[in-house]
Each structure stands twice: as structure tokens, then as C-alpha cells.
Amino acid sequence: MSRIYDRVALLGLGLIASSLYWAIKRDGLAGEVVGYARSSETRETAREIGLCDTVYESAAEAVEGADLVVLCVPVGAMESVAREIAPALQQGATVTDVGSVKRAVIDAVAPHLPSGVHFVPSHPLAGTEHSGPRSGFAELFEKRWFLIVPVQGSDAAAVDKIEALWQGIGSNTARMDPDHHDLVLAVTSHAPHLIAYTMVGVADDLGRVTDSEVINYSAAGFRDFTRIAASDPTMWRDVFLNNKDATLEILGRFTEELFALQRAIRTGDGEMLHDYFTRTRAIRRGIIEAGQDTDAPDFGRVKS
């Protein structure tokens, strides 16, 4: 595929940014990809592994001359980074982000961007429990969904170029309203992560279950909870604080469903439980049919 951007600046060099760098370079979608990370340790690691053509000491330096700037920092840091880079952005540049929350990011970033700079919020639905610059790999986004969330007045050409970039590295793309995005992600990502953190916390607090029993006897369900709960704590703290309304709404509905299941177990209502599990099982089948996971044994885990 031909080059889409001349110079891309990645601000924040964790899993998403590093994977994006390797994918862009693999497919030749940008002439130059530069980066910045707040931590000096992260910057040194990036230089050591060859992540980015140049790694800068400040975000403002990194965005100079860039026609695409990707904010890959935690949601809570978006506003301060936007304020810092605003004077250095060139006219006609596009600023996007990869945050898991959209309304809060729009409110934090948009007011600081100068006239003539295009803002196209976005969100790749891809990730692992690993973080940091060493965790990235070019295939992370292949066949995964990338949601584009244009703001009022978003430049149509800028939106199309963002979409072309992500399609170029193998993502499926869709466009979505920011408030609807936040509700959908509360269902599919945010509430499940909070439930996973809670279940692992319960095991940790349960005095009669020893550490070795939790580790050695982990069945598939608890093991998957621990994988989810191993995600970056800073990122998830910011997600919950910035998408609180949608997350609390979904958690309220979850609590109602949980009470109904508790009642069925207490009263021995096997028919209700069977019907409920049959209906929810179909969701898993739909995910596999949509190509968003695998039905391989043990969920396709690689055996050592």
C-alpha cells in the first residue's frame, strides 16, 4: 500500500504505540515515525529496540512537522499533553487518539487544538494484558475493529485518511457517535474488566484460600480473570474515572442479573439457569463467527 502520511508522531510508547509503529513500518504507510514518552526509562528502551525513527525528549519536539499525531497516553493525561503540543502543531495536521473513552477525551483535547488542526478521535479494539514498549507487535490490529469517532466539524478528508491508515494495517473500521461508543465499551470492555479485577481481589482477600491454591488450581474461568486483571492499572484507573456514568449504568444492570441468578440457585430453578446459560452461550459463538476470537482448544493458547 502507498504512503498515507509523511511524518507520524506517537506520544506515549506502550503496547498500542509500539504495535502501530511496527505495523506502519511493515506496510510502508508513513515516511517517518517518531515518538515521545514521559519516562526517560521508556525512551531509552525505545531507542534500544529501534522503536521509532527518532525518540524525542519532549512531546512538543516530537510533533513538529508531523502530519499525524497519535495520542497514546492514558486518558487522564490527554489534556496536559494536548496543551503542551498545541503551539508546535503544524497547520493541516491531524490529531487522533487511542483512548478507550471518547466523550471525556473530546472534552479534554478539543479545546486546546488550534484552528486549522483536525481532530479525529478514535479507538482500536485490540490489546493484551502486557504493556510497555517491548510488548508491541505488528499483527496486533489485524482483523480487529477500529472505531472512528468524528467530532462536530471533523474534516472529511482527515477522517478518510485515518480510516485508510487503519485499514492499511489490517483493521476493520467503523464510525460511531462518542456517547454511544462509551456505552458500548462499558458493556464490552469496561464493566468486564472491573468484574475481573473484583473477582481476583476476592480471591486475594479470601483468607482460607492460600496463594499456592489460587495459583496452582486456577481453572480456566479464574485464569482468564487474572489475565484481564493484569492490564495496565493506570490506564484502567483513568478509564473508570472518565466513563463513570456508562460504566455505573452497566454495573447496575449486571447487579440485577446477578441477583436473578442468585435467586435461581437458591430456589433450585434449574430451568431458568439452563435457559439463561443457553442464551448467553450464543454470544460466544457469535464472537467466533465474527472472527474476533478462536474456537481452538483452550481458546488457542500457545503451549510452552
Side-chain angles (χ1 to χ4, degrees), residues 9-20 35-39 42 59 62-63 68-86 89 94-113 117-133 135-136 140-141 144-151 154 162 166 175-197 228-251:
L10 305 175
L11 306 184
L13 296 176
L15 168 68
I16 298 298
S18 57
S19 297
L20 183 55
Y36 161 77
R38 179 181 59 84
S39 164
T42 300
V63 304
L68 176 64
V69 176
V70 188
L71 305 179
C72 304
V73 298
V75 171
M78 293 280 186
E79 183 172 14
S80 62
V81 171
R83 188 185 300 114
E84 179 184 350
I85 66 174
L89 293 169
T94 296
V95 175
T96 189
D97 75 286
V98 297
S100 184
V101 177
K102 290 276 75 75
R103 175 57 65 189
V105 168
I106 291 169
D107 292 345
V109 173
H112 300 289
L113 300 183
V117 170
H118 310 302
F119 184 35
V120 184
S122 57
H123 180 204
L125 303 185
T128 73
E129 69 271 30
H130 304 296
S131 57
S135 60
L140 178 65
F141 308 109
R144 301 304 177 200
W145 283 96
F146 180 80
L147 302 181
I148 303 168
V149 187
V151 296
S154 285
I162 288 287
W166 285 91
R175 303 185 186 189
M176 191 174 285
D177 170 80
D179 294 319
H180 185 64
H181 168 279
D182 289 354
L183 181 61
V184 168
L185 266 294
V187 175
T188 62
S189 178
H190 304 168
H193 271 81
L194 194 64
I195 292 165
Y197 279 119
I228 295 171
S231 301
D232 181 16
T234 300
M235 181 187 79
W236 282 102
R237 176 201 65 193
D238 288 356
V239 165
F240 293 124
L241 292 179
N242 286 280
N243 195 27
K244 62 174 66 176
D245 292 341
T247 302
L248 289 172
E249 177 182 344
I250 299 306
L251 286 174

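A search for salt bridge (Lys or Arg N to Asp or Glu O under 4.0 Å) contacts involving E84 returns nothing, not counting sequence neighbours. Legend: residues meeting salt bridge (Lys or Arg N to Asp or Glu O under 4.0 Å) with D97, ordered by chain and number and at least two apart, are K102. Considering only residues two or more places apart in sequence or on other chains, A191 meets the side chain to side chain contact (heavy atoms under 4.5 Å, CB included) condition with I250, L251. By the ring-ring contact (aromatic ring centres under 6.0 Å, His included) test, H181 is found to be paired with H123, residues two or more places apart in sequence or in another chain being considered. Remark: T96 engages L68, V70, S122, I162 in a side chain to side chain contact (heavy atoms under 4.5 Å, CB included) (not counting sequence neighbours). R175 pairs by the salt bridge (Lys or Arg N to Asp or Glu O under 4.0 Å) definition with D160, E163, not counting sequence neighbours. Evaluation of the side chain to side chain contact (heavy atoms under 4.5 Å, CB included) rule for V95 yields V69, L71, L89, L113, V117, F119 as partners, not counting sequence neighbours. For H193, the ring-ring contact (aromatic ring centres under 6.0 Å, His included) criterion is met by W236, not counting sequence neighbours. Annotation: side chain to side chain contact (heavy atoms under 4.5 Å, CB included) contacts of D177 (sequence neighbours excluded): D179, H180. Under the rule for a ring-ring contact (aromatic ring centres under 6.0 Å, His included), Y197 has no partner lying at least two apart in sequence or in another chain. Judged as a side chain to side chain donor-acceptor pair (under 3.5 Å), and not counting sequence neighbours, the contacts of S100 are H190.
Counting heavy-atom neighbours within 6.0 Å of R83 CZ, excluding the residue itself, gives a total above 12.
F240 places none of its side-chain heavy atoms less than 4.5 Å from the side chain of V75. In this structure, L125 and T188 have side chains that are not in contact, with every pair of non-hydrogen atoms separated by 4.5 Å or more. Residues L183 and E249 have side chains in contact (heavy-atom distance under 4.5 Å, counting atoms from C-beta outward). With contacts defined as side-chain heavy-atom distances shorter than 4.5 Å, the pair L140/L15 qualifies.
The CG atom of D182 sits 10.5 Å away from atom CE of M176, with the distance rounded to the nearest 0.5 Å.
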Subject >> Criterion side chain to side chain contact (heavy atoms under 4.5 Å, CB included) on W166 and F141, from CA distance to verdict >> reply: CA-CA 8 Å; W166 285 91; F141 308 109; 3.5 Å; yes

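In plain terms, the two heavy atoms of Y36 and L13 that are nearest each other are O-CG, 3.7 Å. Shown here for I106 and P111, the closest heavy-atom pair between the two residues is O-CD, 3.8 Å.
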